[in-house]
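Next up is a structure, given as structure tokens.
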Amino acid sequence: MGFEEAAAGGRIRALLRRKQVDSDRARAAGAQMLAKELSVTQLIAIGVGSTVGAGVYVLVGTVAREHSGPALTLSFLIAGIAAALSAFCYAELASRCPSAGSAYHYSYICVGEGVAWLIGWALILEYTIGGSAVARGISPNLALFFGGPNSLPWILARHELPWLDVVVDPCAAALVLLVTGLLCVGIKESTYVQGIVTILNCCVMLFVIIAGSYIGFQTGWVGYKVSGGFLPYGVNGMLSGSATVFFAYIGFDSVASTAEEVKNPQRDLPLGIGTALSICCTLYMLVSVVIVGLVPYFAMDPDTPISSAFARHGMQWAMYLVTSGAVLALCSTLMGSILPQPRILMAMARDGLLPSFFADVSEKTQVPVKSTIITGICAASLSFFMDVSQLAGMVSVGTLLAFTIVAVSILILRYVPPDEVPLPSSLQASFRLSQEFDEEKTRDENREQGTSEIKDVIVVESISDPLIEKQLYASKLDEVKRRKTAACSIASVVVGVLILTSSASVTFLPLLVMCFFCAFGGLLLLAGLGMLCWIDQDDGRHSFGHSGGFICPFVPMLPVMCILINTYLLINLGGGTWMRVGIWLVMGVFVYIFYGRTHSSLTDVVYVPTAQADEIYASSSSGFVA
């Protein structure tokens, strides 16, 4: 019975073990490095290119007709503010922990191995399906340049395989393989191409804004003179529209995945994330202001709102320009979808949770070529054989889970940062010898003190005054109590958010029961938040990771709001989406149990205080073993 309890305890400890914040020592020990080639302008290109997809060319019509009406601009603004909450959290963690892996890396450092594995596994699904879905959307837009929906050349056109009831898309698969080859050439070259494509897409959007504004001033902005007013669906409709367009901001997290390849991560990563999100929000709002003003919201074409708006004013030729913008946006988003996944695979392989094959970095191009090729083959196969539009909702699960856990990581970093670091098995002998050396040194000092003069004894006694020792002990006890209180408060916030959002979203509960659970969850949330506002943040946060970078403001309020918004969106994604994601996550649990848990680089480590670990590393590097 005792053996079984010990084994169960070991499995739980495996889920909670955390890796060291700084991986410089691991790299110095022989880990392969990625090329540091990216500057802030290239990060902005990655962020904008990955975020501004073809969705904006469709979303403005759908959301305006069904949710927001002329208030569509406010929906984009509110969604942008909600996305900015996550961007602030990403910016601090990316500058403090500039290593590949993004949310997986942050959660492994702050939360634990079990949560980190699930986040990494969910992100693998997100980027694979996201890239495949984007690629399948390119061929119908390209076909418009050849005369119609089914006018592509035979070798690129979609074909139905009747004996399998499958519609294959050679164009989508070819584009995925082309992007994969480009990413294998090098991060600098691929980012340069993505930057050009993104600039061209932004030029198309600027044309829509400028030309549409000219038409609007000529015609009197008829879309804002409708009988329903500015809020035809009320405030609730506008907020519902915000929840829908929030997913148009997904993509800026791709910037964080390239953290290891940034020349000056403490400065450039926060700037890249913040500037990219600001540009996207500005473009979205300006396009929505113009298009909603040109055509009454109820008369918008839900499929082609922008090109049809220009066609109503005699500019049919603008359809080709808008379609080219959609194609460019899709191509840029495709690159942004495939770029992060090899780096997440590489980070997980470095930590031993996946085979070391995925951690190989090309000496010539300094990118994870093997992981990139595997990613490209999987995405190309999926886009060739499957219509992944029904699986598109699964993309949002990985992103929202990552956003949520990054916000939780900020709370942990500020209030209960890890005060111990793992010591690898190669240095554990040095650790034991160091302990023996310290004990021997203490015994020698005690002997010397026994033969010293009375004056020295008086000094020693005055230093070891019982009152001073009592004060030091009380201070240490208060710090332990503060950390426990902070940990319980963070848990209260998370549990309260889960209960509140779940009970507010279900429809089968009686009203009285729903109100009870909402009130209970709200009380837990407010109690945890109030306690976090009352207690002090941990002093160790100042030395956590790389200093001198971005600091997330309004903690704990901002991360808690981020957790609340993202959890609400997660719960409302639908049962079908969660069933499909659940199957994938269960598969990941089995992979972790049978491979990752036993091959983790933290399997045989010993956790020691940070100061002691620094001494052991210093003595080991200087050849001193004590």
task = Test side chain to side chain contact (heavy atoms under 4.5 Å, CB included) on N201 and V197 and set out the steps.
result = CA-CA 6 Å; N201 178 34; V197 174; 5.6 Å; no
Pairwise side-chain contact, L330 with L175, heavy-atom cut-off 4.5 Å (strictly under) = no
F554, CZ atom: more than 12 neighbouring heavy atoms under 6.0 Å = no
ask   = Taking C-beta and beyond as the side chain, do P98 and V262 meet within less than 4.5 Å on heavy atoms?
value = no
ask   = Within a strict 4.5 Å, meaning less than it, do heavy atoms of the P368 and L34 side chains meet?
value = yes
All salt bridge (Lys or Arg N to Asp or Glu O under 4.0 Å) counterparts of D351, not counting sequence neighbours = K19
task = State whether the side chain of E126 and the backbone N or O of T399 hold a donor-acceptor pair below 3.5 Å, judged by distance alone.
result = yes
request  = Ignoring hydrogens and angles, tell me if any N or O in the side chain of W578 forms a donor-acceptor pair with the backbone of V397 under 3.5 Å.
outcome  = no
inquiry  = Taking atom OH as the centre, does Y192 end up with more than 12 heavy-atom neighbours from other residues, nucleotides or ligands that are less than 6.0 angstrom away?
reply    = no
message = Do D419 and R483 make a side-chain contact, defined as non-hydrogen atoms from C-beta onward lying under 4.5 Å apart?
response = yes
query = Taking the side chain as C-beta and beyond, is there a heavy-atom pair between T365 and E189 under 4.5 Å?
reply = no
4.5 Å side-chain heavy-atom contact, I412 and R18 = yes
query = Does some side-chain heavy atom of L183 sit less than 4.5 Å from a side-chain heavy atom of L339?
reply = yes
query = Going by an N to O cut-off under 4.0 Å, is there a salt bridge joining E260 and R343?
reply = no
query = Checking side chain to side chain contact (heavy atoms under 4.5 Å, CB included) against V555, which of L413, L532, V560, I410 comes through?
reply = I410
key: SB check K263 D268 (cutoff 4.0 Å)   = no
message = Using only atom types and a distance under 3.5 Å, with no angle test, would you say the side chain of T603 pairs donor to acceptor with the backbone of S600?
response = yes
request  = Without swapping roles, check the side chain of Y607 against the backbone of R17 for a donor-acceptor pair under 3.5 Å.
outcome  = no
key: Check: Y90 ring centre within less than 6.0 Å of F550 ring centre   = no
